[in-house]
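Being a predicted model, the structure only gives us computed values, none of them experimental.
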Amino acid sequence: MNVRLDTTVGSLKLTNPVLAASGTFGYGLDLLEFCPPESLGGVVTKGLSPRPRRGNPTPRIVETAAGMINAIGLQNIGVEAFCREALPQLRVRGAVVVVNVFGERMEEYLEVIDRCEAEDGLAGYELNVSCPNVTAGGMEFGHDPVPLERLTAICRAATRRPLWVKLSPNAPDLVATARAAVAGGADALTLINTVRAMAIDADTRRPILANGFGGLSGPAVKPIALRMVWEVHKAVPAVPLVGIGGIETGRDVVEFVLAGASAVQVGTAIFRDPAAPLRIVAELETFCDDHKVARVAELTGGLQWR
Amino acid sequence: MNVRLDTTVGSLKLTNPVLAASGTFGYGLDLLEFCPPESLGGVVTKGLSPRPRRGNPTPRIVETAAGMINAIGLQNIGVEAFCREALPQLRVRGAVVVVNVFGERMEEYLEVIDRCEAEDGLAGYELNVSCPNVTAGGMEFGHDPVPLERLTAICRAATRRPLWVKLSPNAPDLVATARAAVAGGADALTLINTVRAMAIDADTRRPILANGFGGLSGPAVKPIALRMVWEVHKAVPAVPLVGIGGIETGRDVVEFVLAGASAVQVGTAIFRDPAAPLRIVAELETFCDDHKVARVAELTGGLQWR
Amino acid sequence: MIARRDLAVRVAARTDLSPTCFRVILETVDEVAAVPGQFGMLTCGVGFDPLLRRALSIAGVVRREGVTCVEMMVKEIGRGTTLLRHASVGSRLRLLAPLGNGFTLTAVEGTRLGLIVGGIGLPPVLFAAEQLAARKVGFDLYVGAASGAELLEVERCGKAAAAVGGELVLTTDDGSAGEHGFVTDALQRRLDGGCAYGRLLACGPNPMLAALTRLARDRALAAELSLEEPMACGVGVCLGCVVELEDGRYVASCKEGPVFSVDRLAERWWP
Amino acid sequence: MIARRDLAVRVAARTDLSPTCFRVILETVDEVAAVPGQFGMLTCGVGFDPLLRRALSIAGVVRREGVTCVEMMVKEIGRGTTLLRHASVGSRLRLLAPLGNGFTLTAVEGTRLGLIVGGIGLPPVLFAAEQLAARKVGFDLYVGAASGAELLEVERCGKAAAAVGGELVLTTDDGSAGEHGFVTDALQRRLDGGCAYGRLLACGPNPMLAALTRLARDRALAAELSLEEPMACGVGVCLGCVVELEDGRYVASCKEGPVFSVDRLAERWWP
Ligand SMILES: Cc1cc2nc3c(=O)[nH]c(=O)nc-3n(C[C@H](O)[C@H](O)[C@H](O)COP(=O)(O)OP(=O)(O)OC[C@H]3O[C@@H](n4cnc5c(N)ncnc54)[C@H](O)[C@@H]3O)c2cc1C
Ligand SMILES: Cc1cc2nc3c(=O)[nH]c(=O)nc-3n(C[C@H](O)[C@H](O)[C@H](O)COP(=O)(O)OP(=O)(O)OC[C@H]3O[C@@H](n4cnc5c(N)ncnc54)[C@H](O)[C@@H]3O)c2cc1C
Ligand SMILES: Cc1cc2nc3c(=O)[nH]c(=O)nc-3n(C[C@H](O)[C@H](O)[C@H](O)COP(=O)(O)O)c2cc1C
Ligand SMILES: Cc1cc2nc3c(=O)[nH]c(=O)nc-3n(C[C@H](O)[C@H](O)[C@H](O)COP(=O)(O)O)c2cc1C
Ligand code: FES
Ligand code: FES
C-alpha cells in the first residue's frame, strides 16, 4: 500500500505537505542537487521587500542548545530581482512558490504583492508580520490584532491568490492575532516564526549578536510550536494551518499534522542537512505506510485529546 | 585573588548567588551527599499548598531536544508536613530556605504564608503564579496584572519577610506582570517558570503527557529566559531579579547576572547531575577569578548593549 | 539505604546478547554495593541532547583487584540506548548508583520462589537468581521472550536455577523456542499443576506485569514487581516517575520502588 | 564550480599536531575534487546538540585504491572541536564538501608568491603550498604561532618551500622558536628588505589578517585572505556568514568566499 501524500492548504493543492521555510532555502535554487524545489510540496522564498535590503551587521547567528538564534535582518535581493532572476527558473522547474512578503509599512507589503501579481507561476503569498529582527515592520503588525487585520485586508484586496499570514510566537495573544488574520481574509496561517531570544558573551559582557536580540529556531522550539499549532487549531478549526518550528523528521511532520497542520515547513533542519526536506518527505511516506495511513490529509487535527 | 560570591536579593543576604529551583530539589534534603542545602545561596522548596496535593496522573514528564516537559501538577506534602518534617532539619543545617507558595485561590496563598509565619528560619516566600500544569490557580494570577497585583498586595500584608513573585514566560505581557508584582509590593521577581509546551506520540495520536500540556525547561529555553530577564531588567532596573531557565554552568550564571539577575536558580540541571548547583558555584568562582571580578554582585546588569 | 554515588565509569566491554539487546560492563575504582532490583542512572551522550540520563537495572556487580565491574543489559529502543550501543569501549560515562530498593531475597518456609522475566526484564531478576543460588534459596526461573533469538543468557539462567535444583522454563511468543505462548501462561500451567511459590519476583513489560498481577491477586500470592516508569532524576526530586498506590497516593518509583509488592499497587495502575 | 556533495565519511585516523591541534583523516569512497581554500561542513555529534556542522578547511585530498582521504587540521576550541577530538577512529560522520572558492594559484610573472599563516590558519595555505610546489610555482612560506610547540607541520612546510627554492620563515609570539614576534612583522621586514611578492595568500586569526590587510593596502600588494565567519549552512542559504564589501554589500562568505581579495573588503570590516 502506498500513502497518498497530496494535500491542500485551503484552495492550494500540494503534491506533498512539506515546504522549505522562508529564509532557510534562499530563493529555491541554491540546493538543486540536494533538494530540487519541484520535489517538495513547495518553497517559501526568503522574505522579499520592494527594494533590496542589506540586513543587519554581523555576527548574525549563534548556536544554542538544540537551536540557533538568528538576526539576519531580512537581507534580500528585492522583489524585482527575484521576479527577473529566480522566478523564471522556478517556473520552468514547476516548483510551487510561495512569496514571503515583508515591508516596513503597509504600502510596502502591497508593493511586493503588486509586483508579483504581474507574474505567472506563483502559488501564493505569506505575509511575514513576525520577524523579530527588524526595527520597523514585522513584529508591530504581528503583535496587535487591529493593524494585523487591516494589513491582511489590504493585501487580500490586492490578490486572488492564496494569502497566508505567518504568526509570531511572541505575540501577546496568539489566538487573537490568528482571528484577526482570518478576519482580514487570510486563507491560511503559518506558525511559528522564531521566538525572541538572546545570547550573551560572558567574556566581553556584550550580546553575541550585533543586533542584540534575535529569533530562536530549531528542535529546541518544537514543543512550543506544536502547542501553538494545537491552540490555534482548537480556536479556529476551519482555518488551514501550516506548521513550522524545529521539524527534523517525518515523524515530526506527523505530530504537527495531528496537532492541526495541513502542511509544514522545514527551516533550520536544512542547515544541518541540505537534503532535509526531501528526506523528510521520504520518512513521512514510510511512517504512513507502516501505520496504514491512506492519505496524509486525513491525519490533520487527528490528535485525540486524552 | 578570590572573588566574593556573597550577594543580596533586596534585603536578603546570600553567601552565593546560586539557589536550587522549586520542584527540582524536593524539600532541600534529598541530595545531602551531593549538594548540602547550606552550601548553596539558598533552596526554594517544591511548591507548597495548604493541604497535600496528589498532582497529575502519569506520564508526567517527557524529554525533548535539550529540554524536558513536565506536568507534575504540584504534587506536594502540604505546608504543615513541610514545617514539621523538613523545616527543622533545614534550620539545623543553616540553609537559606525560600518557600514556593501555591494556591488555587488567593486565600490559599495566604494560608500557606500564615502557617509559615509561625516558624523561624525561613528566609522568604516565592509566589508561584505561573505553573502551567494546574487548572485552577497558577497561571490565572500570573497572566493578568490586575489579580496579580492584588494577590501580591494581600501576601505582602501578611508578612515582613522577603516576598518574591515568580513570573510566567507565557504571560501576554511580561513587563506588565512584572510591574504589577512590584506595585503589589514584591521585593524581587523570579523568572522564568516553564514555557507552555506539548509533545505528541505519533503512534498513538495522543499527547504524551496525561495532562496534555506541560512546561518546557532546560537548556532549550535558556535563550528565551535570558532575553526575558534583560527585558524586565530594562523595564524595572531597580527591582532585584532572580534568573532561571536552563542554567547548567557557572558561565550561564554570569550571563544571567549580566542580563540583570542578582541571583539565579538551577532546576533541570539537577536531574542530569545531582551536584549541579554546587558544581556551578565552583565554576562561577573560577570564572570570576579568571576574569578578575572582585565581587559577583558588581556584574548585575553589567551587559553592555552594543 | 546503601550509599549511592555519582560514579565515574568507563565502558570496559560491550557484547551483543541478541539482535536487539547487548551487555555493557562499566568499570569504576569505587566500590558499589548494589542489591538485585536496584538500578543506576547512566549518562549516554555528551551534549544536552539527549538531556537526561537513562535508568538501567543492575545485572550484577563484581569487584576484583581494586576495580568494580557493574553489569548492565540493554535493549536498543531509542536515542539513549542507541548511543550506548555505539559508545566506544573506553568511553567515560557517569553512573548514579545504586538507586531504589530491591527484591526481597529471603526464603519462604517450605516453598520455592518463582522468578519471572519478560524480555529485557532479565537483568534485575538474573541478578536476584544468582544471589539466591549463592545463598541456596530455591527457585524456579521463568524466562519469556518474543522469539528464541531474543532469549537472553539462557545458559547462565540454567546454571543459576540448576544450582538450587530449580527449573528453568523458557517461553516464546512465536513458539520458536521453549514453550509456545506468554511466560505468564507457563507460570499459570505450573500453578494449576500444583506448584506453590512462597513469593514471585518479576520484571518485564507492563502487559506481562499486569497479567501477573491478576494471577497473583486471584491466588493471593505474594509478588514483587520491578516497574519501569519514565524517569528524569532517579533520586526522588522531580516526581516524574510516580506510581499510584492502592490508597490513592502517588509515590516516586525511583525511591519507593522500582520494586513494589503487588498488593500495594492501585488496581487502575494496570493498563 | 566543482561538484559539492554530502559525503558519508569515516574517521580513518587522528593525530596530535600540537598541544591544541590535531589532524583528522576522513575516508570516503566518493571522489572529492577540492582546491586549496575550499572547506567542508562536518557533523560533529549525533543528537541535536551541537546543532550545526562545523566549517573546516581542507588541508589536502589523496585518492588511492578507490578511497579518498580528506585531511583536516583542527584546533580544539569549543564543543564541536572537542567532540571531534574524541570521536573514535571508525566513527561515521558526514562532510558537505567541497564548498566555497579557493586561492588563485597562478604564478605572477617575475615574482614569487608570499604565503602567510597564523596558527590554525595552516590547512588551506599548506594545501596551496603543496600544490604550488607540485606546479613549480615559487613562493616563500611564513608561519607564525603563539609558541614553538604550536608551530604545526614544520617539516612538511619546509619541504614544500624547499621544492621551489623558497624560504620557510617561522615566527612565534613568545620567541620560543623562529623569529620573535608576529608573522606579519617578519613579512614586513622582508618586504622592507626588498622582497617582492606578486600575490599574498593568507589565513589566520582576524588580528593577523587585519595587520596584513593594512600592509597590503599600504604597499598596493595583491592579497587574498581566507576569512572565518560563523556559519550555519555553508551553502549560501542562511546569510549568517556575510562579509561586508567595499561597496557596502554583504555577501555570503561561504559562497563568494571564504577567500577574498583584500581590495574587495570594506575597511570597516577589520576589527
Ligand atoms: C528502573 C528502571 C530500570 C530499567 N532497566 C533497564 C534495563 O536494565 N535495560 C534496558 O534496556 N532498559 C531498562 N529500562 C528502560 C530504559 O530506561 C529505557 O529503555 C530507556 O530509557 C529508553 O531510552 P532511549 O533513549 O533508548 O529511548 P527514547 O528515545 O528515550 O524513547 C523511545 C521510546 O521509549 C519510550 N520510553 C523512554 N523511556 C522509557 C522508560 N523509562 N520507560 C518506558 N518507556 C520509555 C519513549 O516514550 C519512546 O516511545 C529501565 C527503566 C527503569 C525506569
Ligand atoms: C571557512 C572556515 C574554515 C575553517 N577552517 C578551520 C580549520 O581548518 N581548522 C579549525 O580548527 N577551524 C577552522 N574553522 C573554525 C571552526 O569552524 C571553528 O573553530 C569551529 O566552528 C568552532 O567550533 P567549536 O564547536 O569547537 O566551538 P564553539 O563551542 O562553537 O565556540 C567556541 C568559541 O568560538 C567561537 N566560534 C565558534 N565558531 C566560530 C567560527 N566559525 N568562527 C569564529 N569563531 C567561532 C564561538 O563564538 C565561541 O566563543 C573554520 C571556519 C570557517 C568559517
Ligand atoms: C536564518 C533564518 C532566516 C529566516 N528568515 C525568515 C524570513 O525571511 N521570513 C520569515 O518569515 N521567516 C524567516 N525565518 C523563520 C523560519 O522561516 C521559521 O519560521 C523558523 O526558523 C522556525 O522553523 P525552524 O525551527 O524549522 O527553523 C528565518 C529563520 C532562520 C533560521
Ligand atoms: C519537574 C519540575 C517541577 C517543577 N515544579 C515547580 C514548582 O513546584 N513551583 C515552581 O514555581 N516552579 C516549578 N518548576 C519550574 C522550575 O522551578 C524552573 O522555573 C524551570 O524549570 C526553569 O528552570 P530550569 O530550566 O533550570 O529547570 C518545576 C520544574 C520542573 C522541571
Ligand atoms: S525519577 Fe525523579 S522522582 Fe523519580
Ligand atoms: S553559512 Fe549560511 S549563508 Fe554562509
What is the minimum heavy-atom distance between [X] and [Y], and which atoms define it?
X	Y	value
L96(C)	F34(B)	CD1-CZ, 3.5 Å
V237(C)	F271(B)	CG2-CE2, 3.9 Å
D6(C)	P274(B)	OD2-CD, 4.2 Å
L239(C)	I72(B)	O-CD1, 3.5 Å

Sort and list the pairs that fulfil salt bridge (Lys or Arg N to Asp or Glu O under 4.0 Å) and have at least one residue in residues 26-50 of chain B, not counting sequence neighbours. D30(B)-K255(C), E33(B)-R4(C), E38(B)-R93(B)
Part of residues 47-63 of chain C lying next to chain B, heavy-atom separation under 4.5 Å: G47(C), F48(C), D49(C), P50(C), L51(C), L52(C), R53(C), R54(C)
Under 3.5 Å, is there a donor-acceptor pair between the side chain of R60(B) and the main chain of C241(C)? no
Got more than 12 heavy atoms from elsewhere within 6.0 Å of CZ, R91(B)? yes
Take atom CZ of F182(C) as the centre, draw a 6.0 Å sphere, and report whether it contains more than 12 heavy atoms from other residues, nucleotides or ligands. no
Can you tell which part of M231(C) gets under 4.5 Å to a heavy atom of chain B, answering side chain, backbone, both or neither? backbone
Say you draw a straight line from CZ of R272(B) to CZ of R94(C); how long is it, rounded to the nearest 0.5 Å? 12.0 Å
Give, for atom CE of M68(B) and atom SG of C238(C), the distance between the pair rounded to the nearest 0.5 Å. 6.0 Å
Under 4.5 Å to a heavy atom of chain C? For T64(B) that would be backbone
